[in-house]
Amino acid sequence: MNKQMWNFMQRGRGVLQLKPLGCLSNHSPSFCSGCEPGQYYECQACGYLQPWCKGAADDYPEICDHCWGLVEQMHKTIKISMETEK
């Protein structure tokens with residue numbers, strides 16, 4: 001789904017008081033007890049509105065899990081520790 005449609009639907013779900021699209025509670029209730037309506041953020045890398053439970057690890061809290069995985073792969077490829085970026 002393209003970014004504009006995803007973000008439109010995410011905002012609409014917040015207005016309708018529905019939990020965000022992509023919330024991990026549907027697949028992993030032990031990891032996420034369910035994001036509240038409107039609990040999403042804009043990933044600074046891809047621009048998608050993501051549910052809070054899909055926030056990246058503490059190394060890069062401003063990007064989503066998917067983008068964090070790409071950054072981690074890039075760091076492994078060029079053999080630079082992610083911690084040295086700080």
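Heavy-atom basis, side chains included; hydrogens, waters and symmetry copies ignored.
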*Asks:* Decide yes or no for Trp52 and Cys23: does some side-chain heavy atom of the first lie under 4.5 Å from some side-chain heavy atom of the second?
*Replies:* no
*Asks:* Kindly say whether Leu18 contributes a backbone atom to a donor-acceptor pair with the side chain of Arg13 at under 3.5 angstrom?
*Replies:* no
*Asks:* Can you tell me if Gln39 uses its side chain to pair, donor with acceptor, with the backbone of Glu36 under 3.5 Å?
*Replies:* yes
*Asks:* Tell me, with the steps shown, if Tyr40 and Lys54 meet side-chain contact (heavy atoms from CB on, under 4.5 Å).
*Replies:* CA-CA 9 Å; Tyr40 55 80; Lys54 281 192 168 179; over 6 Å; no
*Asks:* Do the side chains of Lys19 and Ser25 get nearer than 4.5 Å, heavy atoms only?
*Replies:* yes
*Asks:* Given the rule in the side-chain contact (heavy atoms from CB on, under 4.5 Å) test, do Trp6 and Gln50 qualify, once you have shown the distances and angles that lead to the verdict?
*Replies:* CA-CA 9 Å; Trp6 174 270; Gln50 297 289 358; 4.2 Å; yes
*Asks:* Within this structure, what is the SG-CD distance for the pair Cys43 and Glu62, rounded to the nearest 0.5 Å?
*Replies:*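 Between Cys43 SG and Glu62 CD, I get 8.5 Å after rounding to 0.5 Å.
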*Asks:* As a quick check of understanding, evaluate side-chain contact (heavy atoms from CB on, under 4.5 Å) for Cys67 and Tyr48, giving each step before the final call.
*Replies:* CA-CA 10 Å; Cys67 291; Tyr48 279 79; over 6 Å; no
*Asks:* Are Met5 and Leu21 joined in one hydrophobic group, where the rule is that I, L, V, M, F, W and Y side chains link up if heavy atoms are under 4.5 Å apart?
*Replies:*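 In one cluster with Met5: Leu21, yes.
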*Asks:* Output the distance between atom OG (Ser33) and atom CG (Leu24), rounded to the nearest 0.5 Å.
*Replies:*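 If I round to the nearest 0.5 Å, the distance is 11.0 Å.
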*Asks:* Atom OH in Tyr41, atom CD1 in Ile63: separation rounded to 0.5 Å?
*Replies:*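 Reported to 0.5 Å precision, the distance equals 8.0 Å.
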*Asks:* Carefully, step by step, assess Glu72 and His75 under the rule side-chain contact (heavy atoms from CB on, under 4.5 Å).
*Replies:* CA-CA 5 Å; Glu72 182 182 39; His75 280 268; 5.8 Å; no
*Asks:* Test your reading of the model: is there a side-chain donor-acceptor pair from Gln44 to the backbone of Glu42, 3.5 Å cut-off?
*Replies:*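 Judged by distance alone, yes, a pair lies under 3.5 Å.
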